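These notes are about the structure you will find just below.
Every heavy atom of this structure was used, including side-chain atoms; hydrogens, water molecules and symmetry mates were not. Keep in mind that what you see is a predicted model, and the values were worked out from it rather than measured.
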Amino acid sequence: MKHIISIGVEQFIEIEYTVGGSGFMTSVGLKCDEREAVSEGTLEALAAYNGAIDGLEALILAQACEGIDITTDAYKRAVISAIEGIDNNFG
């Protein structure tokens with residue numbers, strides 16, 4: 001199966017998976033590569049932010065592969081809420 005979760009303008013997660021099997025994903029526009037975008041402005045904070053995004057992406061892929069329906073509007077709202085929480089902790 002293939003599914004795209006649109007987060008915002010030029011921000012999305014594309015997941016391709018098999019329920020009960022494996023999968024892979026790509027994301028666009030979620031990770032940060034600018035030090036100034038992180039409040040502390042340090043490489044450690046930047047790595048922590050990107051690590052939090054990586055963790056969320058891994059969870060989404062794992063849930064999809066385990067058969068959790070990631071195509072619902074409620075799931076999309078939950079993902080957006082989680083990303084906003086990550087942004088609030090590091091922004």
Side-chain angles (χ1 to χ4, degrees):
M1 300 180 79
K2 186 175 183 178
H3 182 64
I4 296 174
I5 300 173
S6 295
I7 310 300
V9 177
E10 298 185 28
Q11 291 181 311
F12 63 88
I13 300 170
E14 184 175 340
I15 308 108
E16 194 160 333
Y17 61 98
T18 303
V19 174
S22 63
F24 63 93
M25 68 184 325
T26 56
S27 65
V28 173
L30 296 181
K31 293 184 185 170
C32 183
D33 60 0
E34 299 176 18
R35 263 189 226 186
E36 302 81 31
V38 180
S39 61
E40 294 88 47
T42 66
L43 289 176
E44 292 82 13
L46 187 63
Y49 175 85
N50 286 336
I53 295 294
D54 284 341
L56 177 62
E57 290 173 347
L59 178 62
I60 293 167
L61 182 59
Q63 290 174 333
C65 290
E66 288 300 321
I68 293 173
D69 188 355
I70 64 166
T71 65
T72 68
D73 287 338
Y75 191 88
K76 177 183 174 179
R77 287 191 306 272
V79 169
I80 291 171
S81 179
I83 291 170
E84 288 171 352
I86 292 169
D87 287 347
N88 289 339
N89 283 313
F90 291 97

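- Side chains of Y17 and I70 form a contact here, defined as non-hydrogen atoms less than 4.5 Å apart.
- Residues I13 and I4 are not in side-chain contact: their nearest non-hydrogen atoms beyond the backbone lie 4.5 Å or more apart.
- D69 meets the salt bridge (charged side-chain N to carboxylate O under 4.0 Å, His left out) test with no other residue; sequence neighbours excluded.
- Here the side chains of Y49 and N89 are not in contact, with every heavy-atom distance at 4.5 Å or above.
- Residues V19 and E66 have side chains not in contact (no heavy-atom distance under 4.5 Å, counting atoms from C-beta outward).
- Atom CD of E84 sits about 12.5 Å away from atom CZ of R77, to the nearest 0.5 Å.
- To the nearest 0.5 Å, atoms CG (D73) and CD1 (I80) are separated by 9.5 Å.
- Distance check, rounded to the nearest 0.5 Å: CD1 of I5 to CD1 of I60 gives 5.0 Å.
- You'll find the side chain of S27 stays beyond 4.5 Å of the side chain of Q11, heavy atoms only.
- For the pair T18/M1, no side-chain contact is recorded, criterion being any heavy-atom separation below 4.5 Å from C-beta on.
- A distance of 5.0 Å separates CD1 of I86 from CG of L56, quoted to the nearest 0.5 Å.
- Applying the salt bridge (charged side-chain N to carboxylate O under 4.0 Å, His left out) test to E14 and every residue at least two apart in sequence or in another chain returns K2.
- I83 and F12 fall into different hydrophobic clusters, where Ile, Leu, Val, Met, Phe, Trp and Tyr side chains are chained together by heavy-atom contacts under 4.5 Å.
- The closest side-chain heavy-atom distance from Q63 to Y75 is below 4.5 Å.
- Residues E57 and L61 form no side-chain contact, since every pair of their non-hydrogen atoms from C-beta on lies 4.5 Å or further apart.
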